[in-house]
**Q** 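I am attaching a structure below and will ask some questions about it afterwards.
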Number of protein chains: 2
Amino acid sequence: MATDVTGPESVSSTRSVGCTTPYRVDLPVLHVGVVRERADAARNRLRVLAAAERLFAERGVEGVTMDEVAATAGVGKGTLYRRFVDKGGLAVALLDERERDLQQRILTGPPPLGPGADPADRLAAFVADYLSFVDRQLDLVLLSETATPGARLRTGAHAFWRQHCRYLLREARAPQPDLRADLLLASLAADQVRHWLHDEHRNLDDLAVGLSAIALVLAQPHPRRT
Amino acid sequence: MATDVTGPESVSSTRSVGCTTPYRVDLPVLHVGVVRERADAARNRLRVLAAAERLFAERGVEGVTMDEVAATAGVGKGTLYRRFVDKGGLAVALLDERERDLQQRILTGPPPLGPGADPADRLAAFVADYLSFVDRQLDLVLLSETATPGARLRTGAHAFWRQHCRYLLREARAPQPDLRADLLLASLAADQVRHWLHDEHRNLDDLAVGLSAIALVLAQPHPRRT
DNA sequence: GGCGCATGCGGACTAGAGTCCGGTCATGGC
DNA sequence: GCCATGACCGGACTCTAGTCCGCATGCGCC
């Protein structure tokens with residue numbers, strides 16, 4: 001259901017990097033030393049990830065069964081499910097690494113995405129960049145969000161994005177920052193993005209411009225009636 | 001996948017009621033006389049719907065299998081799937097009737113939901129009422145939206161809600177009416193609503209107030225920067 | 001270096017969604 | 001009223017996600 005990628009590299013999941021953004025996201029973090037990952041477990045985890053990545057790339061996320069992933073990785077199904085709670089969990093694990101880049105640019109990169117710019121502009125930049133990220137990883141994100149109902153709202157990554165949006169909206173003095181953050185992220189769900197891009201054949205850049213504009217509206221300090 | 005409820009009562013699905021709302025939603029409508037539903041088919045359709053309704057009420061949507069629905073209705077699985085493309089389709093069919101009321105109130109009911117009020121206010125009223133509808137039918141709506149990825153955006157009912165929001169936003173002279181309509185509806189997806197209500201334990205009325213306020217902001221004619 | 005045990009492993013098993021196809025029987029034309 | 005047609009019926013079948021439990025083994029302790 002959620003991230004379960006215990007193991008060495010999860011240590012870097014201590015996402016509260018020392019930076020200007022004054023919040024800390026609580027993510028499942030392995031307390032190294034308390035529980036060490038066994039050597040065979042680590043080896044198998046890497047194998048599974050590699051196998052999944054290759055198979056997904058070759059035949060698409062939908063065209064690959066969990067049995068195949070297990071077989072290709074040379075691992076039993078039990079092992080597969082022990083580590084990655086379900087197919088969505090596997091997607092989350094694969095996505096994890098690819099999200100790092102965007103997260104780093106948000107936390108420490110140059111404006112307008114990174115710290116320094118006006119919060120509303122940062123929000124607009126985030127919307128555009130996140131949209132582009134979803135577009136590039138569409139199948140994986142879709143899987144991670146729809147594997148189980150509500151999955152979208154439970155991943156560690158989602159907590160990060162939400163926290164970031166809330167922070168920016170609060171900084172911008174927008175009313176109901178939490179609700180508005182959820183609203184924005186709901187519209188960036190893989191399902192919706194895929195519909196805009198593939199079913200309605202909207203242009204990615206136009207969409208980014210449009211959504212950024214709406215982000216600016218949502219970041220306004222006060223509602224205005226005519 | 002989508003609505004497939006052919007049959008007599010679908011005739012009333014000719015949703016373009018003679019009213020002040022100047023749009024017509026194209027829904028799968030049975031052209032009576034061209035194709036008549038066979039008597040046995042109609043009987044079975046009713047049986048299935050009744051059985052599903054009862055079972056869902058008794059044991060919850062998740063606790064009922066399609067086999068059980070078929071068995072209880074005294075019908076084979078093939079028959080079940082012929083009519084209701086998948087489990088989500090069954091939910092759509094059950095929802096269909098319950099959505100009518102809201103749709104009628106939108107098209108011909110009193111303001112602020114119905115015609116006559118300011119478009120922005122109508123939009124706010126719609127958001128509140130739709131939210132309440134989703135809350136009451138949460139399991140069914142969730143099923144209908146998540147049975148298959150993208151299902152949410154493909155139902156006839158969704159086309160209706162979207163069309164209505166677009167119309168109101170256009171009337172209100174809001175920029176990007178189509179995008180804003182999708183944004184609003186995305187945030188009213190069952191998944192999100194359930195999360196707000198059940199996981200975060202938000203109060204339904206507070207949520208309605210909050211979302212209505214955001215609807216008003218989105219219906220503003222021009223974005224304003226400070 | 002050896003021992004005991006917690007942890008991890010893996011494949012057989014279950015369950016439920018959705019498909020298929022041979023048989024049946026309303027329906028409309030004559 | 002009878003017949004040809006094709007829509008309809010139903011249950012056996014497939015396919016895949018996810019579970020379970022006995023066995024193996026890495027790891028910390030003595």
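Order of the sequence lines sets the chain letters (A, B, ...), proteins ahead of strands, with each chain counted from 1.
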**Q** Are B/Arg194 and B/Asp199 close enough for a salt bridge, meaning some N to O gap below 4.0 Å?
**A** no

**Q** Over how many whole Å does the gap from B/Arg82 atom CZ to C/dC20 atom P extend?
**A** 12 Å

**Q** Report the residue (B/Asp40 or B/Glu62) whose heavy-atom-nearest nucleotide on DNA chain C is the more 5′ of the two.
**A**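 Result of the comparison: B/Glu62.
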
**Q** Using whole Å, report how far CG of A/Leu80 lies from C1' of D/dT16.
**A**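 Computing the A/Leu80:CG to D/dT16:C1' distance gives 13 Å.
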
**Q** What is the distance, to the nearest angstrom, from the CE atom on B/Met66 to the P atom on D/dG10?
**A** 15 Å

**Q** Taking atom C1' of D/dG18 as reference, at what distance in whole Å does atom CG of A/Leu90 sit?
**A** 14 Å

**Q** Between C/dA17, C/dC9, D/dG18, spot the one nearest the side chain of A/Arg83, thanks.
**A** C/dC9

**Q** Can you classify the ring geometry of B/Phe133 versus B/Tyr130 as parallel (below 30°), tilted (30 to 60°) or perpendicular (above 60°)?
**A**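 Tilted.
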
**Q** Please determine whether a side-chain nitrogen or oxygen atom of A/Thr79 lies at a distance below 4.0 Å from atom OP1 or OP2 of C/dG10.
**A**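 Yes, A/Thr79 has a side-chain N/O under 4.0 Å of OP1/OP2 on C/dG10.
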
**Q** Report yes if at least one side-chain N or O of A/Asn44 is closer than 4.0 Å to OP1 or OP2 of C/dC9; otherwise report no.
**A**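 Looking at the OP1 and OP2 atoms of C/dC9, one of them is under 4.0 Å from a side-chain N or O of A/Asn44.
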
**Q** Select from B/Arg47 and B/Asp67 the residue whose nearest nucleotide in DNA chain D is closer to the 5' end of that strand.
**A**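 Its nearest nucleotide being more 5', the pick is B/Arg47.
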
**Q** Has B/Lys77 got a side-chain N or O lying under 4.0 Å from the OP1 or OP2 atom of D/dG11?
**A**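 No, B/Lys77 has no side-chain N/O under 4.0 Å of OP1/OP2 on D/dG11.
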
**Q** Might you confirm whether atom CD of A/Glu68 has over 12 heavy atoms from other residues, nucleotides or ligands at distances under 6.0 Å?
**A**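 Atom CD in A/Glu68 is packed in, count exceeds 12.
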
**Q** For B/Asp182, what residues pass the side chain to side chain contact (heavy atoms under 4.5 Å, CB included) criterion, not counting sequence neighbours?
**A** A/Gln192, A/Trp196, A/Glu200, A/Arg202, B/Arg162, B/Arg166

**Q** Nearest whole Å is fine: how far is C/dT7 C1' from A/Arg43 CZ?
**A**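 Taking atom C1' of C/dT7 as the reference, CZ of A/Arg43 is at 14 Å.
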
**Q** When you measure from the side chain of A/Tyr81, which nucleotide among D/dG18, C/dC9, C/dA17 comes out closest?
**A** D/dG18

**Q** Starting from C1' on D/dG11, measure out to CD on B/Glu68 and report it in whole angstrom.
**A** 16 Å

